[in-house]
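All figures in this text were calculated on a predicted structure; none of them were measured in a lab. Only heavy atoms go into these numbers, but all of them, side chains included; no hydrogens, no water, no symmetry mates.
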Amino acid sequence: MIANLIAPADVAAARRLIESCGLSFQPGFNDLVGIHEEGSLVAVGARAGRVLKMLAIAPAQRGGSLLGEIVSGLVTRGIEAGFDALLVFTKPAFACSFEALNFTLLAAGEKAVLLEFGNGFKRWLAANSDWRRAGINGALMLNGTPFSPGHRQLIETAARRVDHLYVLVSAEDPAPLPFPDRWRLVGDGVRDMANVVVLDLAHYRIGAASFPTYFLKADDPVAQIRAELDATLFASRIAPFFGIARCFAGAGSGADDAAMALVLQAHGIEVSVIPNPDCDPHCNPPPGDKQ
Amino acid sequence: MKIQRKGQAGTMQSSDLMVIVEPADDLVIEIESTVKKQFEHLIRAKLEQVLAKHGTEGARISVNDRGALDYAIEARLETALRRAGGLS
């Protein structure tokens, strides 16, 4: 019987089980559920928003129905909370356990995989299919800073080099502005450019805030693993749908951008860095710049 | 009957299925199954039969099946419809 784990003693028991399975306990969840057998906790799992995490089964109890029970409980709670698709990030070795539960593998990296329950990704593509454009298209990821003249310049340069340019934004980006405001500012900023489309990647951009690290080791390069998984999802699932063959980045990108570039290139996507000494979109706008 | 709200029933256990019913403009059935290749047409036929019996319209029916038999499909779908306000 599946139970919500709320009392401090139950949460402590969950933490022990999670840690004994070589995972780490990561606070920050909406639900923590477990299954007891003969008085001891044998299976546990958590849900943070649309993301399932910290799924752990006691070694002696594996291979049975416990994972299915825990995942059922979490998915049920997630759907009640209003999410129509649930995501799980885990080690590549566990991908098949989730596929057996009808999860779809969305992206596979060396140290992390992303799977989804429900047809969220398929529905997202369908909902955005009006934005498909023929030709050799490009993409430019805007980070969370407010739309600046530097962004505008970068977009103009990139848009001249492709048939259509997708400007990618997502609520998953770390940003000082709420997403609806950013969405409006970017839309207003490029309205007069006929071959530019602003595309909301929603939660199919893997942001640092929602990427759980419970299955990684303390010395794993978390930011790089996340960046590679994000780039894999984009390059293998999103770019082909929109005919995106080139990705643009502003100069002065960090090490994680280099990791992303390698993944994109491995999927046949050309990566162009646009030099722009005056306005680096990865930096905050200069003081006095209107925000 | 018209679907009024989201309703779900079932589990992801082996030999069971999870059904989610939500309001939609048309009647749409989405099936995921571990035995999709062999049995999707039979699962769909069973779902359609139950939906017709209750005169369900304007609903998206999402089914995640792990090899459930007919009576389980019928019971889970009817429960989800009831919870979605689609049964009198």
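- Counting only heavy atoms from C-beta outward, the side chains of B/Glu32 and A/Phe103 never approach each other to under 4.5 Å.
- Proximity to chain B at a heavy-atom threshold of 4.5 Å picks out nothing from residues 4-31 of chain A.
- With a 4.5 angstrom heavy-atom cutoff, B/Arg60 touches chain A only via side-chain atoms.
- By the 6.0 Å contact criterion, NZ on B/Lys2 is enclosed, its count of non-hydrogen atoms from other residues, nucleotides or ligands being greater than 12.
- Side-chain contact check for A/Asp84 versus B/Lys6: some heavy-atom pair is nearer than 4.5 Å.
- Listed options B/Met18, B/Met12, B/Lys36 were ranked by heavy-atom pairs under 4.5 angstrom with chain A; first place goes to B/Met12.
- The main-chain N or O of A/Glu69 is found under 3.5 Å from a side-chain atom of B/Gln13 such that the two form a donor-acceptor pair.
- Interface residue B/Ser62: only side-chain heavy atoms are found under 4.5 Å from chain A.
- Residue B/Asp16 does not touch chain A at all, counting heavy-atom pairs closer than 4.5 Å.
- Using a 4.5 Å cut-off on side-chain heavy atoms (C-beta onward), B/Gln8 and A/Glu80 make contact.
- When A/Val71, A/Val75, A/Ile79, A/Leu67 are compared by the number of non-hydrogen pairs under 4.5 Å with chain B, A/Ile79 comes out ahead.
- For chain B, the nearby parts of A/Asn102 are the backbone and the side chain; heavy atoms of each come within less than 4.5 Å.
- Taking OG of A/Ser72 as the reference point, atom CZ of B/Arg66 lies at 8.5 Å (rounded to 0.5 Å).
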